[in-house]
Amino acid sequence: MKKIQMVDLQSQYQKIKPEIDSAIQRIIDSAVFVKGPEVKDFEKELAQYLGAGHAIACANGTDALQVALMALDLKPGDEVITPDFTFIATVEVIALMGLKPVIVDVNPGDFNICIESLKKAITQRTRAILPVHLFGQCADMEPILTLARNHNLHVIEDNAQAIGSDYRFSNGKVKRAGTMGEIGCTSFFPSKNLGCYGDGGALITGSDEMAERLSTLINHGMKVRYYHEMVGVNSRLDTLQAAILRVKLRYLDTFIRARQKAADYYDNAFKNTDGIVIPERSGNSTHVFHQYTIRLNGISRDRLKEYLESKNIPAMIYYPVPLHRQQAFKYLGLEDKDFPVTEEVCRTVLSLPMHTELDDEQLEYIVTAVKDFINKS
Ligand SMILES: *Cc1c(COP(=O)(O)O)cnc(C)c1O
C-alpha cells in the first residue's frame with residue numbers, strides 16, 4: 001500500500017507531470033517572472049470558472065483578505081464580524097488593519113458562522129461581515145447577505161477552503177463560493193483544493209470599479225508606472241505559479257470529484273458507528289471537502305489520533321484552539337461561555353486524510369483502524 005498522507009501532492013504531480021513541466025519550462029524560457037500575459041490568462045480563466053466578473057491574482061490568501069479590507073474605506077475601530085472557528089489569517093488581517101474583530105460562535109454541524117450569533121453581534125459600529133466557507137462548504141450566505149443589506153454592511157468571503165463549491169439560494173439561483181459577497185478571497189497554498197507550488201491567492205469581484213481598485217492596491221497603488229494613487233502593497237502572483245495554476249484549474253472539477261468520492265467512502269463507513277459524528281452536508285451548499293472532519297462523541301479524540309499515528313495514518317486537529325482564546329486576541333477580553341459550540345468542536349474534531357489520490361485500499365485501511373479503536377474503547 002502507498003504511504004498514507006494528509007495530502008499527497010507527489011502522487012498528484014506524477015499524474016499531470018508533462019503538462020506542469022512544460023508550463024514551468026515555458027515561463028523560464030520567456031524569462032517573464034512577474035506579471036505578464038500568463039497571469040492575465042489565469043485571472044480570466046479563474047473568473048470564467050467561477051462565473052465571476054473579475055479575478056485578481058495576488059501573493060497569498062492572507063494578502064487577499066487584507067487587500068479586500070483595504071479596498072473598503074474602513075476607519076480604525078470599525079467592527080468586522082467573523083467566526084471563532086477558522087484559520088488565524090481571517091481575524092489577523094482585521095486586527096492588522098486597525099479594525100475591531102467581533103468574533104462569533106459557529107454551528108456544530110457544518111462548522112460555519114452561526115446566523116443567530118451573527119445577528120446578535122451587529123452594532124452601530126459594524127461595517128462588515130467576513131464569513132468563512134470552512135472545510136469546503138459554504139456558510140449560509142442568503143441570511144448573511146440579507147442582514148448585510150438591511151444593516152448596510154460589506155460582505156467579504158474567506159473562500160480559501162471552498163473553491164468550486166456551489167451555494168443554492170431559496171429562489172433556485174446557484175452561485176459559486178467567493179462570488180456572493182462584495183469581494184471573495186482565496187488561497188492557492190499548496191495543500192488547498194486549487195494549490196500552486198508555492199504561495200498564491202486571488203480576489204474575486206463582480207464590480208469593474210472594485211476590480212480596478214484591487215489590482216491597483218496589490219501593485220503599490222499604481223496604474224501608471226511610478227505614479228501612485230493610493231497606499232498599496234506588493235502582493236503579486238509569480239508568473240510560474242500562474243502557469244502551474246492554469247494547468248491545475250483544468251483539473252479542479254476532477255480533483256473535487258475525487259475528494260467527494262473519498263468523503264462518500266468515509267460517510268458510508270462511519271454513518272452508523274456510535275461515537276463518530278460524520279460531517280453534516282448542508283442542504284444549500286455542495287461540499288468540496290478541503291477537509292473531512294469528524295467529531296468524536298464519548299471517545300477520546302486525542303487517543304484516537306495517537307492510535308492512528310501508531311498505524312502510520314496521519315490525522316490533524318483543525319483547529320485545536322478557538323480564536324477567542326488565542327494569546328494574540330486576549331486583549332479582546334472574550335469569555336469561553338459565549339462560544340459554547342466552538343469550545344466543544346475544538347475539543348472533539350479530527351480531520352482524516354483527504355486528497356485527490358486516496359485509493360480504496362488506503363481508505364479501507366483508515367476506516368478499519370478507526371473502527372478497531374472505537375470497538376476497543
Ligand atoms: C489557508 C487559509 C487562509 C490563508 O491563506 P494563505 O494563502 O496561506 O495566506 C485564510 N483563511 C483560511 C480559512 C485558510 O484556510
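In listed order, ligands and their atoms are each counted from 1. Side chains are part of it too, since the values below use all heavy atoms of this structure and drop only hydrogens, waters and symmetry mates.
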Of the protein's non-hydrogen atoms, which lies at the shortest distance from atom 15 (O) of ligand 1, and what is that distance?
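Checking every protein heavy atom, the shortest distance to atom 15 (O) of ligand 1 gives Gln161 NE2, 2.8 Å.
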
At what distance is the nearest protein heavy atom to atom 9 (O) of ligand 1, and which residue and atom is it?
Thr62 OG1, 2.5 Å

Should we count NZ of Lys2 as having more than 12 external heavy atoms under 6.0 Å?
yes

Taking the six-membered ring for Trp, is the centroid-to-centroid distance between Phe87 and Phe189 below 6.0 Å?
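No, the ring centres sit 6.0 Å or more apart.
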
With heavy-atom distances below 4.0 Å as the criterion, list the atoms of ligand 1 near [X].
| X | result |
| --- | --- |
| Ala89 | 4 (C), 10 (C) |
| Asn60 | 7 (O), 9 (O) |
| Thr86 | 13 (C) |
| Gly61 | 5 (O), 6 (P), 7 (O), 9 (O) |

Strictly below 4.0 Å, N to O, side chains only: are [X] and [Y] in salt-bridge contact?
| X | Y | result |
| --- | --- | --- |
| Asp338 | Lys120 | no |
| Arg213 | Glu209 | no |
| Glu45 | Arg250 | no |
| Asp267 | Arg281 | yes |

Straight-line distance of Lys192 NZ to His290 NE2, nearest 0.5 Å
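NE2 of His290 is found 5.5 Å from NZ of Lys192.
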
Phe87 N/O to ligand 1 N/O under 3.5 Å:
no

Within reach of ligand 1, part of Leu134 (heavy-atom separation under 4.0 Å)
neither

Does ligand 1 have a heavy atom under 4.0 Å from the side chain of Asp158, from its backbone, from both, or from neither?
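The part of Asp158 near ligand 1 is the side chain, not the backbone.
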
Counting heavy atoms only, name the option from Ser187, Cys58, Ala162 that's nearest to atom 8 (O) of ligand 1.
Ser187

Would you please determine whether Lys192 falls within less than 4.0 Å of ligand 1 on a heavy-atom basis?
yes

Do Val67 and Cys58 have side-chain heavy atoms sitting under 4.5 Å apart?
no

